[in-house]
Amino acid sequence: MAVELGSVTLEHLTQVLVQERARIVRHSVPGMSGDLAQTMGRPSVEVIFRGILYGSTAADDLKQLRSAYLDHQPVDFFTEAVGEGYFAQVLISNLEVAQRAGYPDEFDFVCKVVEYIEPPQPIVADPFALPDTDLLNEAASLVDEAQNALDQVSKLTDLIANIPSFGDPTEGLSSLLGDYSTLISEGTGVLNEIKDLF
C-alpha cells in the first residue's frame with residue numbers, strides 16, 4: 001500500500017488508520033428519556049499512517065517528508081484507504097521519526113494528516129456599485145414620514161401657544177363692570193330724552 005503526500009511517495013506502510021467522526025450536540029430535556037441530538041456537520045477527517053523508509057534513498061525521502069511537514073502548507077494527498085477524490089488536500093499535523101541503532105538506512109515514522117478545507121473568500125463590498133433602488137425608495141419614504149411628523153409637531157406647538165389663559169377667572173370682571181356702567185349711562189340718557197318730550 002502506498003501513499004502519495006505531495007511530491008513524496010511513501011511505499012512501505014505498515015498501517016493506515018482513518019478517523020472520521022460526526023459532530024453531534026446533545027441537549028438534556030427535563031423529563032425526557034434520552035437526549036435531544038442535533039447534528040453539526042463533521043470535523044476534518046484525520047489519517048494516521050505508519051511505515052518504514054529504508055534503502056539508499058531513505059534519508060532523502062525523510063528529508064522531503066520533513067520539508068513538507070515544516071512548510072505547514074496544504075499538500076495533495078491520495079491513498080487507497082480512503083479512495084481518490086474523498087479529499088484532495090491535507091495538512092501534516094504530526095510527524096514522528098525513529099531510527100534503530102545499527103540500521104543507518106532505515107527509519108520508522110508515524111505521520112498524521114488532517115483534511116484541509118479551503119476557507120471561504122471574504123466578501124468585498126463595491127463602494128462604486130449602484131445602490132439598490134428599492135432601498136433608496138424606502139429611505140425617501142422614511143424621510144417624508146419624518147418631515148410630516150415634524151410638521152404635525154409644529155402645528156401642535158402653535159395650537160398650544162394660542163390657548164387662552166385660565167389662570168385668573170376674575171380678570172374679565174373689571175371690563176364687564178365697565179361695560180355695564182356704560183350701558184346704564186346710555187340707558188339713562190335715552191330715558192331723560194324721552195322724559196323731556198312730555
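Just so it is clear, the model here is predicted, and its values are computed rather than measured. All residue numbers refer to positions in the sequence shown, counting from 1.
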Problem set entry | Distance in Å, Leu177 CG paired with Thr182 OG1, rounded so as to fall on 0.5 Å steps | 9.5 Å
Problem set entry | Cluster check Ile52, Val47: I/L/V/M/F/W/Y, side chain < 4.5 angstrom | no
Problem set entry | In one Ile/Leu/Val/Met/Phe/Trp/Tyr side-chain cluster, 4.5 Å: Leu17, Val113 | no
For this session: For residues Ala37 and Ile24, report the shortest heavy-atom separation together with the two atoms involved.
Result: CB-CG2, 3.9 Å
Problem set entry | Met40, CE: over 12 other non-hydrogen atoms inside 6.0 angstrom | no
Exercise. Do you know which of Glu115, Arg23, Gln19 makes side-chain contact (heavy atoms from CB on, under 4.5 Å) with Pro43?
Worked result: Arg23
Exercise. Could you go step by step and tell me if Ile48 and Cys111 meet the side chain to side chain contact (heavy atoms under 4.5 Å, CB included) rule?
Worked result: CA-CA 6 Å; Ile48 301 173; Cys111 185; over 6 Å; no
Exercise. Would you say the side chain of Phe107 lies within less than 4.5 Å of the side chain of Leu62, judging by non-hydrogen atoms?
Worked result: yes
Exercise. When rounded to the nearest 0.5 angstrom, what distance separates CG in Leu65 from CG in Asp61?
Worked result: 8.5 Å
Exercise. Please walk me through it: do Arg21 and Glu46 pass side chain to side chain contact (heavy atoms under 4.5 Å, CB included)?
Worked result: CA-CA 9 Å; Arg21 291 167 292 171; Glu46 296 177 344; 3.8 Å; yes
Exercise. Just by distance, do the side chain of Thr157 and the backbone of Val153 share a donor-acceptor pair under 3.5 Å?
Worked result: yes
Problem set entry | Cluster check Leu70, Val97: I/L/V/M/F/W/Y, side chain < 4.5 angstrom | yes
Problem set entry | Short side-chain to backbone donor-acceptor contact, Asn192 and Thr188, under 3.5 Å | yes
Exercise. Can you check whether Lys112's main-chain N or O pairs, donor with acceptor, with Ser93's side chain at less than 3.5 Å?
Worked result: yes
For this session: State which residues pass ring-ring contact (aromatic ring centres under 6.0 Å, His included) with His72; sequence neighbours excluded, sorted by chain then number.
Result: Tyr69
Problem set entry | From Asp71 atom CG to Leu91 atom CG, the distance as rounded to the nearest 0.5 Å | 11.0 Å
Exercise. Do the side chains of Leu5 and Val90 get nearer than 4.5 Å, heavy atoms only?
Worked result: yes
Exercise. Quick one: side-chain hydrogen bond (donor to acceptor under 3.5 Å, both in side chains) partners of Glu96, sequence neighbours excluded?
Worked result: Asn94
Problem set entry | Minimum-distance pair of heavy atoms, taken over all atoms of Arg66 and Leu95 | CA-CD2, 3.9 Å
Exercise. Quick one: NZ on Lys155 to CG on Leu150, what's the gap to the nearest 0.5 Å?
Worked result: 12.5 Å
For this session: State, yes or no, whether a side-chain contact exists between Glu11 and Leu53 at a heavy-atom distance under 4.5 Å.
Result: no
Problem set entry | Gln99 to Tyr103 - nearest heavy-atom pair and separation | NE2-O, 3.4 Å
For this session: With sequence neighbours left out, write down each residue that passes ring-ring contact (aromatic ring centres under 6.0 Å, His included) with Phe109, or none if nothing qualifies.
Result: none
Exercise. Got Leu10 and Phe49 here, is their nearest side-chain heavy-atom distance under 4.5 Å?
Worked result: yes
Exercise. In Å and rounded to the nearest 0.5 Å, what is the CD to CG distance from Gln15 to Leu13?
Worked result: 10.0 Å
Exercise. Taking atom CD of Gln38 and atom NE2 of His27, what is their separation to the nearest 0.5 Å?
Worked result: 4.5 Å
